[in-house]
Amino acid sequence: MTIELKLPDVGEGIAEGEIVRWLVSEGAPVKEDDLLVEVLTDKANVEIPSPVDGTLVRILARPGQTVKVGEALALIEPSSAKVPAPSAERPKDALATPAVRKLARDLGVDLNAVGGTGAGGRVTEEDVRQSARRETGRAQPSGAPGEGRIERIPFRGKRRMIARKMAAAKTKVPHVLLVDEADVSGILAERAKLRETGEREGVRITILPFLLKAVAAALQLHPALNSSLDEEREEIVLKKVYDIGMAVDTEDGLIVPVVRNVTGKTIIELAREIERLSESAREGSLSPADLSGGTFTVTSIGSIGGLFSYPIINVPEAAILAAHKIVKRPVVREGEVVARDMMYLSLSFDHRIVDGGEATRFLNEVVRRIEATAV
C-alpha cells in the first residue's frame, strides 16, 4: 500500500515551498532518511527525506511547482524487506558547485541531463548556459518574431520567492520614507585603526559592523522600531533582542541573513560574522536558522553606488535602514566650510506601528552614534 510523502512543517511560519529538483527518479529504491527532494522556501533550501524504506513509485509535484505544507509531493511503496534494492541503481547526481546549481535552477536546466566538461565531469557555468540556449532554440520556431533578440528565463526559484515577498510587503504595509545624512569620517578613521587587528584575525573590516552597532544602540532607546505587528492577535510585539538582518546581493537575488546579538559583539566579532554569513549566502549554504528571526534590517548598498534609495520593509519587521555610498562633500563645522565623508541614510518604516516623530528621533540617534567618533 502506497503512502504519501508530504511537505512537512519546517517551522519559522513557512506555509509553502517550491520544488527545486528531485534527487531520485520514479521507480528508484529509497531507504528511510534518504534525501528525496529539494524544496525552496522563503527562508532557505530544505531537503525532504524518505520516511520509510521502499520505492518512489510516483512524483506528484514537479520542479517549479509551488506546494503548500501538508500537500503530497510523491507516492512511496513501502518495502517489506529490511534492505531495498541497492542504491547504485539510482541515477547519479551531477557534480556541480552551488553557484552552478543556482544558475541551473534559474534557467530551468536539469543538471543531470547536462554533460559536464569540467574536471572529473563537473558541470560548469558555461555547460549550463549552453544547455539553456539549446533548449530555448528548440522551443522557439524558426523565423519567430524577435528571434535572437530576446531571452526568456523561467520566473521561479528564489527570484519568484523574492517577488512575492516584496509585492506582499509593499501592498500590505504603509511605507513611509525618511532620509538623513551622517558624517562617517570618524568611523573611517576607526576602521583604518582596526585593519591591522583584522589582518591578524583573518577578517576584513568594513563599515557595516559600525552601522550595526549604531542601529542596535538606537533600537534600545526606540523599541517601536524593533517590533512587529501581530495582526491576528492585534498586538504590537516589542523585541528584547537585537538580531539584525543584513541584505546580501547574490547571483540568485537578495538574501537577508541575520546577525545575532549585535549589542553583545565587538566590531571584530561582527566583522567575522558578517563575512561568514555573506560567503554562505553567495554559496547558497545558509541554514533556515541563519535567515529567520530578524528584528530589524540594514541594507548597505554603498559599495555598489547610488545616492539614496527607498528600501522595502522586510516584513514582519517594523523598519529597514539603507546606507549609501560615502562621498566627500563640503559641510559647515564651527562656522567653517570643510570637506567631510558624508553618507545618506534612508529609513523606511511601517506607519501602522511607528509614527514620524518616533522614526525621526530613532534616525537622529543613529546619526548621533555614527558621528560620536567624528574627528
Side-chain angles (χ1 to χ4, degrees), residues 7-21 35 37-48 66-69 98-99 101-102 105-106 156-170 172-173 208-209 211-212 215-216 219 226-230 237 239 241-262 264-265 269-301 311-322 348 350:
L7 180 62
D9 182 355
V10 294
E12 304 299 339
I14 292 170
E16 64 181 20
E18 179 184 323
I19 304 300
V20 176
R21 63 183 180 123
L35 298 177
V37 60
E38 184 179 348
V39 180
L40 173 66
T41 72
D42 61 357
K43 298 294 183 183
N45 283 36
V46 294
E47 293 175 327
I48 310 301
T66 299
V67 293
K68 304 287 186 183
V69 169
R101 292 188 184 279
K102 291 179 189 175
R105 290 197 296 271
D106 284 344
R156 61 192 191 203
K158 283 194 173 69
R159 185 75 268 156
R160 184 165 70 178
M161 288 289 185
I162 292 170
R164 286 179 176 177
K165 190 169 184 179
M166 293 299 99
K170 194 65 175 177
K172 188 175 183 180
V173 175
L208 185 54
L211 296 180
L212 295 186
V215 166
L219 289 174
N226 201 50
S227 70
S228 62
L229 180 61
D230 186 336
V237 183
K239 313 295 176 60
V241 294
Y242 305 93
D243 297 338
I244 300 179
M246 59 170 202
V248 179
D249 182 34
T250 76
E251 290 182 359
D252 222 17
L254 194 66
I255 308 296
V256 187
V258 179
V259 182
R260 307 288 175 188
N261 187 27
V262 171
K265 287 184 171 67
E269 289 170 338
L270 286 173
R272 183 178 293 109
E273 182 66 356
I274 288 167
E275 197 169 87
R276 179 189 75 81
L277 291 170
S278 297
E279 289 176 0
S280 296
R282 295 187 178 104
E283 292 170 358
S285 59
L286 289 168
S287 69
D290 288 326
L291 292 160
S292 61
T295 62
F296 187 95
T297 295
V298 172
T299 176
S300 179
I301 60 174
I312 296 178
I313 297 167
N314 188 21
V315 174
E317 296 166 16
I320 181 173
L321 182 72
S348 294
D350 184 344

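Note that the structure is a prediction, hence the values are computed from the model and not measured.
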Trainee: Would you give the length of the straight line joining atom CG of Leu208 to atom OG1 of Thr299, rounded to the nearest 0.5 angstrom?
Mentor: 9.5 Å
Trainee: Within a strict 4.5 Å, meaning less than it, do heavy atoms of the Leu7 and Glu16 side chains meet?
Mentor: no
Trainee: Under a 4.0 Å threshold between the charged nitrogen and the carboxylate oxygen, would Arg160 count as salt-bridged to Glu18?
Mentor: yes
Trainee: Using the side chain to side chain contact (heavy atoms under 4.5 Å, CB included) rule, pick out the option among Pro209, Ser300, Pro257 that qualifies with Ile274.
Mentor: Pro209
Trainee: Quick check: closest heavy atoms across Ala318 and Ile313, and the distance to 0.1 Å?
Mentor: O-CD1, 4.0 Å
Trainee: State the CG-CG distance between Asp243 and Asn261, to the nearest 0.5 angstrom.
Mentor: 7.0 Å
Trainee: Would you name the heavy atoms of Ala322 and Pro311 that are closest together and state the gap between them?
Mentor: CB-CG, 3.8 Å
Trainee: For the atom pair CZ (Arg276) and OG (Ser285), what is the distance rounded to the nearest 0.5 Å?
Mentor: 8.5 Å
Trainee: More than 12 non-hydrogen atoms from neighbouring residues, nucleotides or ligands closer than 6.0 Å to NZ on Lys170, yes or no?
Mentor: yes
Trainee: Minimum heavy-atom separation for Asn226 and Val241, please, with both atom names.
Mentor: ND2-O, 2.9 Å
Trainee: Met246 and side chain to side chain contact (heavy atoms under 4.5 Å, CB included): which single residue from Leu277, Val298, Val256 fits?
Mentor: Leu277
Trainee: To the nearest 0.5 Å, what is the distance between CZ on Phe296 and OG on Ser227?
Mentor: 10.5 Å
Trainee: Glu269: what forms a salt bridge (charged side-chain N to carboxylate O under 4.0 Å, His left out) with it, not counting sequence neighbours?
Mentor: none
Trainee: Can you give me the closest heavy-atom contact between Asp249 and Arg282, atom names plus distance?
Mentor: O-NE, 3.5 Å
Trainee: Applying salt bridge (charged side-chain N to carboxylate O under 4.0 Å, His left out), name anything that partners Glu275, two or more places apart in sequence or on another chain.
Mentor: none
Trainee: Quick check: does any side chain N or O of Lys265 sit under 3.5 Å from a backbone N or O of Arg260, one acting as donor and the other as acceptor?
Mentor: yes
Trainee: Looking only at heavy atoms, which two atoms of Val46 and Pro288 are closest? And how far apart?
Mentor: CG1-CG, 4.1 Å
Trainee: Pair Ile19, Val39 - check side chain to side chain contact (heavy atoms under 4.5 Å, CB included), show working.
Mentor: CA-CA 5 Å; Ile19 304 300; Val39 180; 4.0 Å; yes
Trainee: About how many Å separate CG of Leu254 and CG of Asn314, when rounded to the nearest 0.5 Å?
Mentor: 8.5 Å
Trainee: Between atom NZ of Lys172 and atom CG of Asp350, what is the distance when rounded to the nearest 0.5 Å?
Mentor: 10.0 Å
Trainee: Which heavy atom of Leu212 sits nearest to which heavy atom of Val259, and what is that distance?
Mentor: CD1-CG2, 4.2 Å
